[in-house]
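One structure below.
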Amino acid sequence: MSPNKACPVILSSMPAPRILLFRHPLAGVQLVKGTIEPGETPAEAALRELSEESGIDDASVVRDLGCWNAEHLEQVWSFHLCHAQAPLPEQWTHQTRDDHGHAFSFFWAPLDELPIADCHPVFRRALRHLTATLLPEHRRVDE
């Protein structure tokens, strides 16, 4: 399975396990994700997308979390656990230069209380996959 999308994942353990998500002004709650460009590795694409969509420029890839078939528009996502060098705020808004210059509102969501109802079905499935991959001891996310 060869990936065509890269998805950086940032976790925070304070006060409980949380994942970084954002609210797209037109498309609901999402993970950062984007196309892997020609000549780019999935890890490089993950860091580039993280910078473009969130403004986080000082991150590194900690671990490859594998690929996932999104079963949506022939997308295969490559997940990468990333770490930001500087502390991140509880929430912030980043004005993108691509994607028509939208303002993305970032926030931390507890892994056991994800805003599933606010997500597109493909992001619902992606969050379930990540929860099962990263924290198998936690209960799975319900619909």
Side-chain angles (χ1 to χ4, degrees), residues 1-13 17-143:
M1 184 162 46
S2 182
N4 53 17
K5 300 292 179 181
C7 184
V9 176
I10 295 186
L11 298 178
S12 169
S13 60
R18 301 180 300 164
I19 189 168
L20 184 64
L21 301 174
F22 72 92
R23 185 170 301 280
H24 188 289
L26 304 174
V29 173
Q30 301 182 10
L31 292 154
V32 171
K33 171 191 67 73
T35 300
I36 299 170
E37 301 295 340
E40 196 174 44
T41 68
E44 291 168 340
L47 293 175
R48 178 183 49 76
E49 289 294 338
L50 187 61
S51 175
E52 290 175 359
E53 292 189 8
S54 73
I56 299 171
D57 294 323
D58 63 348
S60 59
V61 172
V62 174
R63 181 166 52 120
D64 184 335
L65 298 174
C67 292
W68 174 72
N69 183 348
E71 298 179 0
H72 176 76
L73 302 175
E74 299 182 14
Q75 295 180 5
V76 176
W77 298 15
S78 179
F79 290 105
H80 298 274
L81 184 60
C82 296
H83 174 75
Q85 303 305 316
L88 297 173
E90 283 300 307
Q91 52 188 311
W92 73 93
T93 301
H94 179 71
Q95 188 75 36
T96 65
R97 291 187 181 153
D98 59 354
D99 195 27
H100 307 291
H102 291 303
F104 292 166
S105 299
F106 283 83
F107 63 97
W108 296 98
L111 283 174
D112 60 353
E113 295 179 33
L114 293 171
I116 295 296
D118 295 340
C119 299
H120 181 280
V122 72
F123 286 99
R124 291 178 190 173
R125 292 191 308 274
L127 286 169
R128 286 190 185 94
H129 170 79
L130 283 171
T131 300
T133 299
L134 292 169
L135 299 169
E137 68 274 12
H138 288 276
R139 67 179 175 84
R140 292 205 175 181
V141 180
D142 296 326
E143 285 251 11

Could you work out, with salt bridge (charged side-chain N to carboxylate O under 4.0 Å, His left out) as the rule, every residue matching Glu44, not counting sequence neighbours?
none
Of all residues at least two apart in sequence or in a different chain, which pass the salt bridge (charged side-chain N to carboxylate O under 4.0 Å, His left out) check with Arg18?
Glu90
Does Gln95 have any side-chain hydrogen bond (donor to acceptor under 3.5 Å, both in side chains) partners at least two apart in sequence or in another chain, and if so, which?
none
Is the CD atom of Gln91 crowded by more than 12 outside heavy atoms at less than 6.0 Å?
no
Under 3.5 Å side-chain donor-acceptor pair for Lys5 and Thr35:
yes
Under the ring-ring contact (aromatic ring centres under 6.0 Å, His included) rule, collect the residues that match up with Phe107, sequence neighbours excluded.
none
Mind checking what makes side-chain hydrogen bond (donor to acceptor under 3.5 Å, both in side chains) contact with Asp64, not counting sequence neighbours?
none
Holding to side-chain hydrogen bond (donor to acceptor under 3.5 Å, both in side chains), I want the full list of residues that pass it with Glu40, two or more places apart in sequence or in another chain.
Arg48
With sequence neighbours excluded, tell me which residues meet side-chain hydrogen bond (donor to acceptor under 3.5 Å, both in side chains) with Gln30.
none
Could you tell me which residues satisfy salt bridge (charged side-chain N to carboxylate O under 4.0 Å, His left out) with Asp118, sequence neighbours excluded, listed by chain and number?
Arg23
Sequence neighbours excluded and cut-off under 3.5 Å, please list the side-chain donor-acceptor pairs for residues 67-75, or say none.
{"from": "Asn69", "atom 1": "OD1", "to": "Glu71", "atom 2": "N", "distance (Å)": "2.8"}
{"from": "Gln75", "atom 1": "OE1", "to": "Trp77", "atom 2": "NE1", "distance (Å)": "2.9"}

According to the salt bridge (Lys or Arg N to Asp or Glu O under 4.0 Å) rule, which pairs have a member within residues 101-111, sequence neighbours left out?
none
Contacts of Glu53 that satisfy side-chain contact (heavy atoms from CB on, under 4.5 Å) - sequence neighbours left out
Phe22, Val32, Glu49, Phe104
